[in-house]
**Q** 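Let me give you the structure first, and then I'll get to my questions.
Sequence lines set the chain letters: A, B, ... in the order given, protein chains first and strands last, and positions in each chain run from 1. Scope of the values below: all heavy atoms of this structure, side chains included, with no hydrogens, waters or symmetry mates.
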There are 2 protein chains.
Amino acid sequence: MVADVRVIEELKAAILRGDFAPRQRLVEIELCEQFDASRFAVRAALQALEADGLVERQRNRGARIREIGIDEAIEITEVRQVVEGLIARRAAERVSDAEAESLAAIGRAMHAAVAAGEGVEYSDLNARLHASLRDIARHEKANGIIAHLHGQMVRHQFALSRVPGRSKVSVVQHQAIIDAVIARDGDAAETAMRAHIASVADALRGIG
Amino acid sequence: MVADVRVIEELKAAILRGDFAPRQRLVEIELCEQFDASRFAVRAALQALEADGLVERQRNRGARIREIGIDEAIEITEVRQVVEGLIARRAAERVSDAEAESLAAIGRAMHAAVAAGEGVEYSDLNARLHASLRDIARHEKANGIIAHLHGQMVRHQFALSRVPGRSKVSVVQHQAIIDAVIARDGDAAETAMRAHIASVADALRGIG
DNA sequence: ACCGACAATATTGTCGACAATACATGGTTC
DNA sequence: GAACCATGTATTGTCGACAATATTGTCGGT
């Protein structure tokens, strides 16, 4: 209950990996076998993941994978827009010289990856950039909310990375964020980040 | 576990009412007696409130009321600043004529309450204004996050309302938000809301 | 063939009992 | 007298069994 972190993490990883389809039922006994755990641990994990927004439960009807539609994904992105804007601002206010250089290096690697057409490499760097900014900002509440929202977005994030030409656009936006942070310009960093995520939201609207 | 909503709500209400001191231990059996519930229901409630950020639990050590220090309260307020900014913007974009008039009425009542020195009445109207904006914005994700953060702020919110002269300042800010929303000016509404909550953050920093 | 009522099955919800753990107490040794 | 270990107690963690509920399948009637 406080409990078996292993089951929680394995189940969460499985969901994020896409092992389960949206709205698929999660029968407790089946999960017990799959993860070799007691029903108790499984229930605790389901409850934890419900709080995470990854599964939904109805009384006496059990748990199922929560389906996150395009509308909800857009709402999530709108919130991310402002919260990551806050993070970017704080990062610009607090970044050290060493951290600034590290960000610049990520920017160079991104340009290289786009030039080489390395899609997965680029999306990896994308994740690293955002994570670095969170580390630099050290804003626990904001970081926690982003982590929470991110878990619900994986499926759509994947769909987005398949949209052709996106990396060409976003690399420019990423560079603007990096430049603003290195220049210690909080206003510019927030603006750049918001513009970046606004274009993500637009891309989502394009899919829907 | 999916469970006994009554216990969850009663316990939550008790915490928000301030029946328990920060860092006070919550012994399961005592709560069973207090709320006339099984240990099972109490555990489920504790787990739910842990997800709410109101209690913290350590393995084999039980639950206690989570203490939210001034630093954390400031972080919460910073996040609120940008998320409520988003809400204000959306409210300005979507407000109907009837809703606009209702907001204007709240504004008039606020001026009256401040003029009459009605402190509790004013803080009531304050809550109603923010709630109305959330209703108008209809942004589920943003509203959910605000609700979540609000629960953790009650104690500090109370402390703030005791700061002399705050209502005189904030009534002007509130009016600016109302005017911007009624004018359907999203940019202005977001700016006004951010300025308002920035002053709340400053007041918190003043306390600490 | 279709619909409703009823029975059978599958699945989840709840409880009580016990195990595991942390904390307090007191006693022993140096 | 202080530090350390052993014992006891309070509290939480886990499990298995059973109850409650939903879902599926079957049958008879129309």
Side-chain angles (χ1 to χ4, degrees), chain A residues 1-68 151-152, chain B residues 1-68 151-152:
Chain A
M1 203 119 163
V2 171
D4 238 313
V5 180
R6 179 185 68 88
V7 182
I8 297 178
E9 294 192 345
E10 285 187 13
L11 180 54
K12 179 168 183 173
I15 294 174
L16 295 183
R17 205 184 312 124
D19 287 2
F20 304 96
R23 304 205 42 87
Q24 178 177 341
R25 285 193 60 190
L26 298 173
V27 178
E28 295 180 358
I29 296 182
E30 292 174 5
L31 297 176
C32 290
E33 293 175 8
Q34 185 168 348
F35 296 105
D36 188 41
S38 72
R39 225 185 112 201
F40 196 81
V42 167
R43 287 176 72 86
L46 288 175
Q47 180 139 352
L49 293 180
E50 183 185 26
D52 258 359
L54 292 177
V55 312
E56 59 186 357
R57 308 176 80 192
Q58 284 182 305
R59 186 185 178 86
N60 290 322
R61 294 225 213 152
R64 53 180 56 210
I65 301 288
R66 208 161 86 79
E67 169 153 46
I68 284 137
Q152 308 181 3
Chain B
M1 203 118 164
V2 172
D4 237 316
V5 181
R6 180 186 67 89
V7 181
I8 296 178
E9 294 193 345
E10 285 187 14
L11 179 54
K12 181 168 182 173
I15 293 175
L16 295 183
R17 204 184 311 124
D19 287 3
F20 303 96
R23 303 206 43 87
Q24 176 178 341
R25 284 193 59 191
L26 298 173
V27 178
E28 295 181 358
I29 297 182
E30 292 174 4
L31 297 176
C32 291
E33 293 176 9
Q34 186 167 347
F35 296 105
D36 188 40
S38 73
R39 223 187 114 201
F40 195 80
V42 166
R43 286 178 72 86
L46 288 174
Q47 182 139 352
L49 293 179
E50 182 184 26
D52 257 359
L54 291 177
V55 313
E56 59 187 356
R57 308 176 80 191
Q58 283 182 306
R59 187 185 178 82
N60 291 322
R61 294 225 213 150
R64 53 181 53 211
I65 302 288
R66 208 162 85 78
E67 170 155 48
I68 284 139
Q152 308 180 4

**Q** Could you state the atom-to-atom distance from CD1 of A/Ile29 to P of D/dA22 in whole Å?
**A**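 Computing the A/Ile29:CD1 to D/dA22:P distance gives 18 Å.
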
**Q** Does a distance-only test, which skips hydrogens and angles, find a donor-acceptor pair under 3.5 Å between the side chain of A/Arg39 and the base of C/dG13?
**A**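 For A/Arg39, whose side chain was compared with the base of C/dG13, there is a donor-acceptor pair (under 3.5 Å).
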
**Q** Check each of A/Arg39, A/Arg64, A/Arg61 against A/Glu28 using the salt bridge (Lys or Arg N to Asp or Glu O under 4.0 Å) test, and report the only one that passes.
**A**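 Output: one option passes, namely A/Arg39.
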
**Q** What are the two closest non-hydrogen atoms of B/Gly53 and B/Ile68, and how far apart are they?
**A**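 For B/Gly53 versus B/Ile68, the nearest heavy atoms are O-CD1, 4.3 Å.
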
**Q** For B/Arg6 and C/dG13, what is the distance between atoms CZ and C1' respectively, to the nearest whole Å?
**A**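 It works out to 17 Å between those atoms.
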
**Q** So which nucleotide from D/dT11, C/dG13, D/dT14 ends up closest to the side chain of B/Arg43?
**A**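 So the nucleotide nearest the side chain must be D/dT14.
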
**Q** For B/Asp36, does the CG atom sit with more than 12 other heavy atoms under 6.0 Å from it, leaving out its own atoms?
**A**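 Counting neighbours around CG of B/Asp36, 12 or fewer heavy atoms of other residues, nucleotides or ligands fall under 6.0 Å, so no.
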
**Q** Between protein and nucleic acid, restricted to nucleotides 19-21 of chain D and to nitrogen or oxygen atoms under 3.5 Å apart, what atom pairs and distances do you find?
**A**
residue : atom : partner : partner atom : Å
D/dT21  : O3'  : A/Asn60 : ND2          : 3.4

**Q** When the distance from CD of A/Gln47 to P of C/dT12 is rounded to whole Å, what number comes out?
**A**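 So the CD-P distance, A/Gln47 to C/dT12, works out to 14 Å.
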
**Q** Separation of A/Leu31 atom CG from C/dA10 atom C1', in whole Å?
**A**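 Rounded to the whole Å, the gap is 15 Å.
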
**Q** Separation of B/Arg57 atom CZ from D/dT11 atom P, in whole Å?
**A**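 Nearest whole value for this atom pair: 16 Å.
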
**Q** Quickly work out the B/Glu30 CD to D/dT12 P distance and round it to whole Å.
**A**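 Interatomic distance, CD of B/Glu30 to P of D/dT12: 8 Å.
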
**Q** Please determine, for the side chain of B/Glu28, which listed nucleotide (D/dG13, D/dA22, C/dG13) has the closest atom?
**A**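 Side chain of B/Glu28 sits closest to D/dG13.
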
**Q** Just by modelled atom types, is the A/Gln152 backbone N or O under 3.5 Å from a matching donor or acceptor in the A/Arg66 side chain?
**A**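 Pair absent, no side-chain N/O of A/Arg66 close to backbone of A/Gln152.
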
**Q** Looking only at side-chain atoms of A/Ser38, point me to the closest of D/dG13, D/dC15, C/dG13.
**A**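 Nearest listed nucleotide: D/dC15.
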
**Q** side-chain contact (heavy atoms from CB on, under 4.5 Å) for B/Leu31 and B/Val7? Distances and angles first, verdict last.
**A** CA-CA 9 Å; B/Leu31 297 176; B/Val7 181; over 6 Å; no

**Q** Look at the side chain of B/Arg61 and decide which nucleotide, out of D/dT12, D/dA17, C/dC23, has an atom nearest to it.
**A**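 Nearest listed nucleotide: C/dC23.
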
**Q** Whole Å only: how far is the CZ atom of B/Arg64 from the C1' atom of C/dA22?
**A**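 Rounded to whole Å, this separation is 13 Å.
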
**Q** Search all heavy atoms of A/Gln47 against all heavy atoms of B/Ala44 and return the closest pair with its distance.
**A**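 Closest approach of A/Gln47 to B/Ala44, heavy atoms only: NE2-O, 4.2 Å.
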
**Q** Touch check for A/Leu26, heavy atoms < 4.0 angstrom, all strands: base, sugar-phosphate only, or nothing?
**A**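 A/Leu26: backbone/sugar contact only, no base atoms under 4.0 Å.
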
**Q** Could you walk me through whether A/Glu10 and A/Gln34 satisfy the side-chain contact (heavy atoms from CB on, under 4.5 Å) test, starting with their C-alpha distance in whole Å, then the side-chain angles of each, then the deciding distance to 0.1 Å, before giving a yes or no?
**A** CA-CA 10 Å; A/Glu10 285 187 13; A/Gln34 185 168 348; over 6 Å; no

**Q** Would you indicate which nucleotide in D/dG13, C/dT11, C/dT14 comes nearest to any side-chain atom of B/Phe40?
**A**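 Taking heavy atoms from C-beta onward, the closest nucleotide is C/dT14.
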
